[in-house]
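Everything below concerns the one structure shown next.
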Amino acid sequence: MPLARPESLDSRIIAHIDMDCFYVQVEQRKQPHLRGLPTAVVQYNEWKGGALIAVSYEARKFGVKRSMRGDEAKQVCPQIQLVQVPVARGKADLNAYRNAGSEVVSILARKGRCERASIDEVYLDLTDSAEAMLKESPPHSLESIDAEALKSHVLGLKNENGHDAKEKVREWLCRSDTDHREKLLACGAIIVAELRMQVLKATEFTCSAGIAHNKMLAKLTSGMNKPAQQTVVPFSSVKALLDSLPIKKMKQLGGKLGTSLQNDLGVNTVGGLLQFSEEKLQDRYGINTGTWLWNIARGINGEEVQVRLLPKSHGSGKSFPGPRALKTIVSVQHWINQLGDELSERLCFDLEQNKRMAHTLTLHASAYKLSDSDSHKKFPSKSCPLRYGTAKIQEDAFNLFQAGLREYLGSCGVKIQGSNHNGWGITALSVSASKIVAVPSGTCSIMKYFQGQYPSHSSSKQTPDTFIQESAPLSSSGTESYSELKSAEPQSDYNFPCLDLQGQKISESRDKDSFCSSPKQAKDGFALETSQPTSQPLPSGVIFFMLEQLVIPAVIF
DNA sequence: TAGTTACTGGTGT
DNA sequence: CACACCAGT
């Protein structure tokens, strides 16, 4: 729960930009004949027409909803256009939408501090831009205000839909007899209108926006007037807004916490929280959450807009619901290979594009178990140091899975290698890469050099070429053999990690994968041996070794 | 036995 | 820290 800053006078100008039915827009740009038609994006068309994950506003008029199946949508809107999410490796491939989101971010980031909040949402801190505008060309000095800005919805402004609504908005935007904060807000509205037009021009995507003095209020209002509209929250309208706002509409209160506030405190609107002291809220919900609740009831939220244009993690997952549950190790391995392949590709893309490397690989699964008292037990997530290379990721993820499965089934001597096995099923799998850190610039060119397919040389033992970036020299570079390197320094554990799981490790892979290789078939066997736990150093530089067609990124101090 | 999937980010322990 | 759990889209 984000902490609120103590000051209640918050003069920042924060915008929350929300793309309108984003996946639909991406597909409509790709197939322009779909524009203006009731359209939905659907994934997995085989069962009841697939699940809708985005619905155009034309289709919403017919009552089509997200979470409908395709068949259902057809019933209420027979002419609906259903577009399938691209499929790759047997699973949904969301890359087109991620990339489209990046297009938007790259435009919005030009104007202020920009935080990519999700695939289709962005926060902007426009305080500096608004201050500059107020100083240099305040709204009342402009001879004309853009039509898009005049279409703003200003909360609390009377006559919202009257014939002279735009005139009212113009008056509000140009007021000179008001406090500094409201003038800044007017500048923010004009800036955001401009930005939204730039986004439309550059990407063909429309978006909606909320403009307020903090993130909470901006987020709350960005969706109030959709599509392709923006809403401004003057300070003077905050109390009325929150007094009537159902508690579940507030971000973070849509789940169990919101339910508890309703059931245990009898609070049904955000304003209803005002009757409780900060101490009372802290006693019941903890110091952080209690203070946060006390503040949001007053429209206070000091959470800052973080500078973040790129995701913090990458994940690839798939569910296997009901009868599709995976029941054999071999099928699990197959899907882990698919997921690992996609993840590896995205990591390579991130490395090339953004010069970042991930340091932790995590495997999540959901499972069920028959005929056991603790069959409700959750399948444990497992993580390990992330080694680049498709086959390594696949192998490591598979080993994580097996470690998790052993734990899940209990140590009752389950034979893991047996391919046909009953009593358990896997209903979901995902692999993710996290702890992504920037690598020093210049590394990218080295990567390209390697990726440009080095002539494949057989197992001649040659001196490794060593590339060093902004880093301390390696103790005895130039003469190590593969095995010497492996046991050289503690840091080398990262280069050649031996998966450490419950006191067991799996020997390093023997694959000949290089970066960004195409998918490889997983190997059947792997060795088990014991080892000490390894620690994961934070990188201050990166080295690349070339060893018998192996490209190994090494993090050193 | 997930039939709201496939992601994300955040907090708490 | 690794992991569980929550929340949102």
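Because only heavy atoms are used, hydrogens play no part in the values below, and waters and symmetry mates are left out as well, while side chains stay in. Below, chains carry the letters A, B, ... as their sequence lines are ordered, and counting in each starts from 1.
Listed candidates were dT8(B), dC5(C), dC1(C). Nearest to the side chain of Lys435(A) is dC1(C). Which of dA2(B), dT9(C), dC7(B) sits closest to the side chain of Arg66(A) comes down to dT9(C). In this structure, the nucleotide among dG10(B), dG3(B), dA6(B) sitting nearest to the side chain of Arg324(A) is dG3(B). If you check dG10(B), dC1(C), dG12(B) against the side chain of Asn288(A), the one that comes closest is dG12(B). You'll find that the side chain of Pro311(A) is closest to dG9(B), out of dG12(B), dG9(B), dG3(B). Residue Leu257(A) places its side chain closer to dA7(C) than to any other of dG12(B), dA6(B), dA7(C). Comparing dT9(C), dC7(B), dT1(B) against the side chain of Leu370(A) picks out dT1(B) as the nearest. Of the candidate nucleotides dG10(B), dC7(B), dC3(C), dC7(B) has the atom lying nearest to any side-chain atom of Leu94(A). Side-chain atoms of Glu121(A) lie closest to dT9(C) of the nucleotides dA7(C), dT5(B), dT9(C). Of the candidates dA4(C), dG3(B), dA6(B), the closest approach to any side-chain atom of Pro380(A) belongs to dA4(C).
Here dG3(B) presents its C1' atom at 14 Å from CG of Leu52(A), a figure rounded to the nearest Å. The CH2-P distance, from Trp47(A) to dT4(B), rounds to 6 Å in whole Å. Atom pair Leu363(A):CG and dA4(C):C1' shows a separation of 15 Å (rounding to whole Å applied). As a whole-Å value, the separation of Phe22(A) CZ from dT5(B) P is 22 Å. We find that CH2 of Trp292(A) is positioned 16 Å from C1' of dG12(B), with the value rounded to whole Å. With rounding to whole Å, Lys256(A) atom NZ is found 14 Å from dG12(B) atom C1'. Arg116(A) has its CZ atom 17 Å from the P atom of dT9(C), to the nearest Å.
Using a 4.0 Å cut-off between charged nitrogen and carboxylate oxygen, Glu72(A) and Arg69(A) do not count as a salt-bridge pair.
Residue contacts shown for Met19(A) are absent, as no nucleic acid heavy atom lies under 4.0 Å away. Lys219(A) comes within 4.0 angstrom of sugar-phosphate atoms only, judged by non-hydrogen atoms across all strands, and of no base. Using a 4.0 Å heavy-atom cutoff across all strands shown, Gly425(A) reaches no nucleic acid atom at all. At the heavy-atom level, Ser316(A) lies under 4.0 Å from the strands shown only through sugar-phosphate atoms. Heavy atoms of Ala428(A) sit under 4.0 angstrom from at least one base atom. Using a 4.0 Å heavy-atom criterion, one finds that Lys48(A) contacts no nucleic acid atom at all.
The environment of Lys48(A) atom NZ is sparse: at most 12 non-hydrogen atoms of other residues, nucleotides or ligands sit within 6.0 angstrom.
Along DNA chain B, the nucleotide closest to Leu339(A) and the one closest to Pro321(A) are compared, and the more 5′ of them pairs with Pro321(A).
Residue Ser381(A) places none of its side-chain N or O atoms closer than 4.0 Å to OP1 or OP2 of dA2(C). For the OP1/OP2 pair of dC7(B) and a distance below 4.0 Å, the side-chain nitrogens and oxygens of Arg98(A) include at least one atom meeting the criterion. Here Thr427(A) reaches the OP1 or OP2 of dA2(B): one of its side-chain N or O atoms lies under 4.0 Å away.
Ring geometry for Phe22(A) against Phe205(A) counts as perpendicular: the plane angle is over 60°, on a 0 to 90° scale with 30° as the lower cut. Using a 30° and 60° split on the angle between ring planes, Phe401(A) and Phe379(A) fall in the parallel class, below 30°.
Side-chain contact check for His16(A) and Ser222(A): at least one donor-acceptor pair (N or O, by modelled atom type) lies under 3.5 Å.
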